[in-house]
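Please read the structure below before turning to the comments.
Sequence lines set the chain letters: A, B, ... in the order given, protein chains first and strands last, and positions in each chain run from 1. Note that the structure is a prediction, hence the values are computed from the model and not measured. Hydrogens, waters and symmetry mates play no part in the numbers below; they use all other heavy atoms, side chains included.
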2 protein chains.
Amino acid sequence: MKRSRVTLADVAALARVDRAVVSRVVNKDATLNIRPETRERVLAAVEQLGYRPNVAARSLRTARAHMFGIFVPDFANPVYAEIIKGAEAEAAAQGYVLVTGSATGAGLGGYMDRLGQGRVDGLLLAGAGGESGLVEQLDRAGIPWIMLNHRSRSVRRSVVLDDERAAALAVEHLARLGHRRIGHLAGPAGADTATRRSAGYSAAMRDAGLPEGPIVAADYTPAGGAAAMATMLAAAEPPTAVFVANVASAIGAMEAVRKAGLEIPREISIVAVHDLDLASYLFPALTTVRMPLAELGRRGVTLLGRLQPDEAVAEVLDGPIDLIQRRSTAPPPTP
Amino acid sequence: MKRSRVTLADVAALARVDRAVVSRVVNKDATLNIRPETRERVLAAVEQLGYRPNVAARSLRTARAHMFGIFVPDFANPVYAEIIKGAEAEAAAQGYVLVTGSATGAGLGGYMDRLGQGRVDGLLLAGAGGESGLVEQLDRAGIPWIMLNHRSRSVRRSVVLDDERAAALAVEHLARLGHRRIGHLAGPAGADTATRRSAGYSAAMRDAGLPEGPIVAADYTPAGGAAAMATMLAAAEPPTAVFVANVASAIGAMEAVRKAGLEIPREISIVAVHDLDLASYLFPALTTVRMPLAELGRRGVTLLGRLQPDEAVAEVLDGPIDLIQRRSTAPPPTP
DNA sequence: TGTGCACGCTCAATCGTTTGATCACGCGAG
DNA sequence: CTCGCGTGATCAAACGATTGAGCGTGCACA
């Protein structure tokens, strides 16, 4: 219920020492030579007054905010929620706090404006599309930033998931079940993740000695997935299994399969990238590839804390990727 | 790629005015009398140097951080994601930025510690359970705070949704379909929302002239919902329709119904509170009551900005509540 | 020819911490 | 007896913006 704020000076007065001493005690300055009893007096005063350092004053002096920013397209997308969770955990471990912003708020531009100067020590961009001028805008702000799960020539710092391995896991699973006509519902043309998942699909098919099945591009949305799957099923010889680049597309794809009068997994198997809670609530429960999304957020924060001002990085995250088998995949129908 | 930071003094020097003028121009101080040409000079200098105010210095001087904190149990829960979206939109409109924290990070205690003093101008607590000592801890920090969707005698500031009306909408929908035995999968005993939804259920049943059906408490989780629904179905005369207090419980409840060999909605109807995207992906698509979650977040931020230091508030949000009819409700079976 | 006032600025104190420099004191060595 | 040094502190200058008070013009009015 303290209304009047307690400052270093108050503590110093009560402990009968200089503010400098209090500052060094509070910050556990190792170079400080102090008598144990004095330290005790200081700590007691801190305790008694309920002193909490003023972060604005500290930031002003040290030019560090002890905050990181993270910008996502949409909080309601569980993929980004996982990334944020990981980022928050690592930030907390470093004593940092997270300033979140989303495209549903006022966009990246508005977010950066409100951030002003010196508010955050670094910025994490998750799933930012290739907005033109974005890189310039970011660099002009003079804030170190890292892009998550997206890379391009203009992005000097990025961490991405191993989408190729994820795709391989999915394809291998289907091939092991006996499928030979394995289609691919790819992501949208512009998306970097889509490119990498498609590359992984192609490589895995080649490794399995299978001809690349039909490939149709789809938005990362249920509607996009439904349309693409309808197209795929209308072909002369539809696949017996489909690797879908994204779980959102897969939801729509399943709907399209149902509409076409086919049964999952008896007549067609489906496996998608990203294991979200909702995958297990779908009917039938969706087989997925689990990506280390939280780890991606964690790694981003770690790098933000570690990187030197002009150090570049392009990392493929070395985290666990697992196939989560549920009910949507099974051996192909025997003709 | 500006590395050296631009300060007010730099701008002032370039524009050949005092720092004070620059400050007042930048902040659009209405009391400032200035010649248009001088203002132009200042703005041009700001532009040319790419000046952005240092938020630490500003916060130190004004004792306002232009940040609000928001603490949620879990980012991955779409209910909180919606609340955050609303809060962010309103915060952005006020020129504020949001510092998020979750229980999955380092808990409320850790979050508050990292917040220090003066980092945020106010704190929004969403869905915080009744942790003992929490209110004292919050008050001791001297930060204005508002609890969302939960109230108790020790909480002086809260905004809650109109859960009673939501329950009434659901019950009326079922009654209008012809159901007479309408059960209730209530929330956990401790939860404030559960209490209010149950009260709404009872009132609506009374209004409809129906006897209160079986009531079973369930955690707000799929597992909790499944167990509770199993119990309910095992009774002598199971209901033909169930009002479930939470969409997560409903997911489990639907599973339990399937396991019991009953068909939704032909043999039993289900309606739940909270309309999330995933509700439409369930099988069958779940009829829900849509609550203005984003509006709740928005309102919280608005109040944080408006309330006087010792002003209390206990508000029931007056936002739109709608029944979203999908496939999980239908008239009762004709015996 | 003063007086008063509005205009268009400038001055300088202040916010609370951090941190390099400095200082008093006592003690051991020469 | 004095010099030097380690110990355990203190001093004071930043950090960058805000803001109430002050100040010099020039013009209007008496």
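Pairing each heavy atom of A:Gln94 with each of A:Thr302, the nearest pair is NE2-CA, 3.8 Å.
Taking atom CZ of A:Arg19 as the reference point, atom P of D:dA14 lies 15 Å away to the nearest angstrom. Rounding to whole angstrom units, CD of residue A:Gln117 and P of D:dG16 are separated by 8 Å. The separation between A:Arg119 atom CZ and D:dG16 atom C1' is 15 Å, rounded to whole Å. The CZ atom of A:Arg39 sits 10 Å away from the P atom of D:dA9 (whole-angstrom rounding). Here the C1' atom of nucleotide C:dC15 and the CG atom of B:Leu60 are 4 Å apart, to the nearest Å. For the pair A:Asp10 CG and C:dG16 C1', the interatomic distance rounds to 10 Å; values are reported in whole Å. The interatomic distance linking B:His66 (NE2) with D:dT18 (C1') rounds to 12 Å, in whole Å. Rounded to an integer number of Å, the gap from CG of B:Leu8 to C1' of C:dA12 is 15 Å.
If you check the side chains of B:Thr193 and B:Tyr220, you find a donor sitting under 3.5 Å from an acceptor.
Between B:Glu88 and B:Lys85 there is no salt bridge, since no side-chain N of the basic residue sits under 4.0 Å from a carboxylate O of the acidic one.
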Which protein N or O atoms sit under 3.5 Å from an N or O of nucleotides 24-26 of chain C?
none

Full working for side-chain contact (heavy atoms from CB on, under 4.5 Å) between A:Met112 and A:Arg140:
CA-CA 11 Å; A:Met112 302 255 300; A:Arg140 213 166 328 116; over 6 Å; no
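With rounding to the nearest 0.5 angstrom, the CG atom of B:Leu123 is 9.0 Å from the CE atom of B:Met147.
Using cut-offs of 30° and 60° on the angle between ring planes, the pair A:Phe68 and A:Tyr96 is parallel.
Of the two residues near DNA chain C, B:Arg16 and A:Arg52, the one whose nearest nucleotide lies more 5' is B:Arg16.
A:Ser158 contributes no side-chain N or O that, together with a main-chain N or O of A:Leu148, makes up a donor-acceptor pair within less than 3.5 Å.
Side chain of A:Val17, nearest nucleotide from C:dG16, D:dT10, C:dT17: D:dT10. Side-chain proximity of A:Asp18 to the nucleotides D:dG16, D:dA12, C:dA12 is greatest for D:dA12.
Overall bending of the helix from C:dT1-D:dA30 to C:dG30-D:dC1, expressed as the angle between end axes built from five pairs apiece, is 70° (10° steps).
By the side chain to side chain contact (heavy atoms under 4.5 Å, CB included) test, B:Glu311 pairs with B:Arg157, B:Leu307, B:Gln308, sequence neighbours left out. Taking B:Ala87 as the reference, B:Ile70, B:Leu98, B:Leu124, B:Val301 meet the side chain to side chain contact (heavy atoms under 4.5 Å, CB included) condition, with sequence neighbours excluded.
When the shell of 6.0 Å around CG of B:Asn27 is examined, it contains more than 12 heavy atoms from other residues, nucleotides or ligands.
Contact annotation for B:Ser59: no contact, since no heavy-atom pair falls under 4.0 Å across all strands.
Not a single donor-acceptor contact under 3.5 angstrom links the side-chain atoms of B:Arg58 to the base of D:dT18.
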Atom pairs and distances, side-chain donor-acceptor, residues 10-25 of chain A, under 3.5 Å, sequence neighbours left out:
unit_1	atom_1	unit_2	atom_2	d
A:Asp10	OD2	A:Thr7	N	2.9
A:Asp18	OD2	A:Ala20	N	2.8

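Residues from residues 20-36 of chain B with heavy atoms under 4.0 angstrom of DNA chain C, sorted by number: B:Ala20, B:Val21, B:Arg24, B:Asn33, B:Ile34, B:Arg35.
A sub-4.0 Å separation between OP1 or OP2 of D:dA9 and a side-chain N or O of A:Thr38 is present.
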